[in-house]
Amino acid sequence: MKTLLMIAFRNLFRQKRRNLFLGSAIGFGAMILLIANSFSHGISRTLINEVVAYVAGHANVGFADQGRLMSQVMRGGAHWKDDILKIPGVKKVDPTMGVFGRAIGNGRSDNVFLVAMNMREVFTHEDSVMTENNFPMTEGTWDALLDSTLENPLILSVEKAKYLNVKMGDVVRMRLQDFNGSYQAIRLTVAGIFQPSNIFMESALFMELKAMSLIMGLRPEDSPYLYLTIENPAKNAINIADSIWRMMAPPLAYMEGHTNSTSLLVSGYRSDSSHKAELWKRLGGTLDSSAFGKKVALFPKLLADSLQLKIGDTLQFRYAMRFPDTLRGDSSGFRIIIGGLYPQTDSLPNNLVLLNEVNFYDKFYDALPKVSGQSLALDSSSFWFQSLTTEWIRLPRPRTTDDVSKQKRDVSQHKYKGTTLTISTMYESASAVLQLESALQIITLSAVLVIFLITLIGVVNTLRMTIRERTREIGTLRAIGMQSSDVRMVFLLETGLLAFFSALIGTLFGFFAMWGLSLLTIPTASNPLGIILVKGHLVFAPTFLSVSTFIILIVAIAIATAWFPANRASKLPAATALRHYE
Amino acid sequence: MRFWIPLCLALGLGMSSGFGQALPAGSSILQKLDDQQRFTSDIHSSVKMTQQKVGQGTKLLEMEYFRRDKDQAFLINILGPEAERGNGYLRVADNMWMYRRNTRTFQHINSDESIGGSDAKADDFETRRLMETYAVTKSKDGKEMVSAEILGKIEVYRMEARATVNDVDYPRKIWWVRRDNGLLLKEEAYSQSGTLMQTAYFLKYTEINKKFVPVQQMFIDEFEKGNRTVVELANIKTNKLDDAIFTKAYLESQSK
């Protein structure tokens, strides 16, 4: 083998010019293949790591308060942040929120997106690098968001500041709708201006999370959207998201309270037509449809008889609040209008009052009740559990970007009465980005394969010429005892060595070219390409796996192409080869 | 001569603050406003919305509005401008669809979707009882903030109210209501922080089935000065509407 390898290596230098041209063509193909692959990989890495991870976290826990997509709040969910942090692999949980609004600067106005920045928690080194990469400041610093001497400090992009005609210290007025849907007017003071790394970040305005929470009507016990930072997200994000999903199984939503001295449990029932029809059947099948109205309650008949209540009567219900406030103290209450009397059923407590979920959730989220957790214990697979209201509505885990979009559409259209909970990772939110990378890879690979096809026609042609030139030599070698398989091997090794060294040199040139291209600074302002740039530079992300795969692929294709002419040469009888004359 | 001075002052005060007159309870004014808004029949009318925005000129949106009383279903068919003509909105029970003439498709939407690209939302076409959403504000001494005033040349009650629920557009409102017939003439809407956001003027009423309907309203954006919207209603009919109107097929047929 060693002898064959030496012969093949020596043969490479016999037709230097021919092999140089052929090697250059193979090397050029290898270089283009590497650059194209690294570029498409760089685009998806930039989009995922610099944009998707920044905008949506490695994973996120999202809410839609009573089915309103823009009200991303879970009433009473503040403790979830600490619960999630206990899960191994979760490095950080960032509460955040964003809202669209109308901003008015100095004589100019524009639609903007106001985003909360959590500045009160320790910034990790990665956070600082990411923030600095995405939002390099031209004036002021991010710490200015915590400046208590300014009225609602604001940081915005150079482009937005220019459009609104504002500079450092100027006041921007903004109109927005809070989590309850009420209009809010706020005054914001420009405390910093940044140069966005891409066009995507241009329209965002930033203010401090705590200040924004107050404006948005977030109570201390509530939780806004949660962004998770995860250790080794590629490996752990999906598993952690699945764990959080399992952890957040919703309990039944009900209130324990009293009317006068009689204790009552009040819960809600699902009001869609299929649940209502089944409920009607299970409650005896005699209730009038008006008993299921939005403003009235289904009252247990036995209890109504003992309290001498009838349909149409009203009673005051009071219950202890989970989070007492200064306005209402530690209890809240509302009026119950009896719309129907239902017979006793063994599955439900005999003091359970049922409200239409539309009515129930309004009251439930307005003042969350303190409950023992024992009064209404139902099997989670039972009909009653499925038909009664839960504290939140956990939506299935999405697996692709399509699932995420479908879920958003569903929340928007289904008009959930309770608050929906969704848990997704950037790999699901950005599966389209990964698909984009795959599509780019296929396109570049196809284009490069065409280049190779043309190159390999050259390889076949060159090899045929070489074999023709060396026919008498083959005859001599065969005459002195070389096996036909060895003859074939010499030609295959020669082609393989040529392809290997050419691909290696092409790869080196590829790295040089990528280095050179990544040094170019491309202006990002108002440049749609800015989204794939980092600090105005192109990003290439070659991997050892892709580089080695390409070299092996090129060598394999070259050898496969050389197989047929080499095989034909090896089959030549020695006498015929020796008689060959040109 | 000296006694004329207090007498004139007293008359003046009587004119401006209702001195000597017992002010009505705020809840009764609210109830009256609610009763006026509440129609117990189907409604069909033409609606013209003229929207003036700073730097964007004036946009005129014309549409037909149908409302069925029994389930508060409604249908909006846009008649103009040309770019929007044939598009429409249909709401039945909790479902709402937007119809696009160009694509001939129905899209399930939220009720906070903008109508024809204007500032109006589908929610604005629904009625919500004031008594359930607002309560008259009380001063520190426990008195309702209702006063008698003159608006232009008309005697009115000025009444300040705060929202009793969270999910209203404006948590604080001030109304100016005619003393003689309880018609709403002016409304100021404030944000949570107390900033005046919008002033509405109810310029013209018409009487239909013993109820007064505001047929010309003007909404002034106080936050972004220069923006205003005028809404005009015409051809109001209250006869029962065919159930076939509140269907996708009907909306689609109107676009042809």
Side-chain angles (χ1 to χ4, degrees), chain A residues 64-71 73 75 100-105 107-111 151-152 173-187 214-217 219 271-273 294-295 334-335 356-359 361-363 365-367 408-417, chain B residues 53-56 70-72 91-98 106-114 117 119 121-124 126 128-129 131-134 162-173 188-200 219 221-227:
Chain A
D65 184 29
Q66 295 176 268
R68 292 175 301 209
L69 269 181
M70 290 311 289
S71 293
V73 58
R75 302 291 177 194
F100 285 101
R102 185 85 179 157
I104 301 178
R108 304 287 299 270
S109 60
D110 198 11
N111 294 327
E151 184 184 15
N152 295 323
R173 293 188 308 129
M174 190 173 165
R175 170 171 55 195
L176 50 85
Q177 275 183 290
D178 67 13
F179 286 143
N180 296 313
S182 290
Y183 279 104
Q184 287 279 20
I186 50 171
R187 286 164 55 89
L214 282 172
I215 288 160
M216 294 302 289
R219 297 175 296 206
S271 61
D272 57 283
S273 48
K294 286 178 185 171
K295 290 176 183 170
F334 54 89
R335 195 169 61 130
N356 185 306
E357 63 177 334
V358 177
N359 191 8
Y361 274 125
D362 272 349
K363 294 174 167 57
Y365 289 126
D366 183 47
K408 281 190 178 145
R409 259 199 321 273
D410 178 50
V411 171
S412 160
Q413 293 172 4
H414 193 278
K415 279 271 183 191
Y416 286 99
K417 311 301 180 292
Chain B
K53 278 196 167 185
V54 180
Q56 292 178 27
K70 68 178 179 194
D71 58 354
Q72 295 216 333
R91 182 190 149 141
V92 178
D94 277 348
N95 294 309
M96 187 162 165
W97 295 272
M98 172 173 71
F106 283 90
Q107 191 188 339
H108 205 288
I109 58 161
N110 247 332
S111 56
D112 55 5
E113 201 89 19
S114 142
D119 284 347
K121 294 181 288 182
D123 272 345
D124 300 339
E126 294 176 38
R128 205 168 166 194
R129 288 176 72 84
M131 287 289 281
E132 288 170 6
T133 46
Y134 288 92
R162 272 216 162 263
T164 51
V165 292
N166 288 327
D167 58 335
V168 287
D169 281 355
Y170 300 103
R172 187 181 152 223
K173 282 190 175 181
E188 280 182 358
Y190 292 82
S191 72
Q192 193 76 41
S193 55
T195 309
L196 176 60
M197 304 294 281
Q198 180 182 275
T199 304
F219 299 90
D221 185 344
E222 302 286 0
F223 185 78
E224 197 171 351
K225 298 283 183 191
N227 293 350

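Side chains are part of it too, since the values below use all heavy atoms of this structure and drop only hydrogens, waters and symmetry mates.
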- Item | Residue pair A:Ala185 / B:Ser193: nearest heavy atoms and the distance that separates them | O-OG, 3.0 Å

- Message: Let me confirm one number: the OG1-CZ distance from B:Thr195 to A:Arg187, rounded to the nearest 0.5 Å.
- Response: 9.0 Å

- Query: Would you say the side chain of B:Gln192 lies within less than 4.5 Å of the side chain of A:Ile215, judging by non-hydrogen atoms?
  - Reply: no

- Query: What's the spacing between B:Asn227 CG and A:Arg102 CZ if we round to 0.5 Å?
  - Reply: 7.0 Å

- Note on the structure: Heaviest contributor of heavy-atom pairs below 4.5 Å to chain A, chosen from B:Glu224, B:Met197, B:Lys225, is B:Glu224

- If you round to the nearest 0.5 Å, how far is CZ of A:Arg175 from CD of B:Glu222? 10.5 Å

- Message: With salt bridge (charged side-chain N to carboxylate O under 4.0 Å, His left out) as the test, pick out the partner of B:Glu132 among A:Lys294, A:Lys295, A:Arg335.
- Response: A:Lys295

- Task: Mark yes or no for whether B:Ser191, through its side chain, and A:Tyr183, through its backbone, hold a donor-acceptor pair below 3.5 Å.
- Result: no

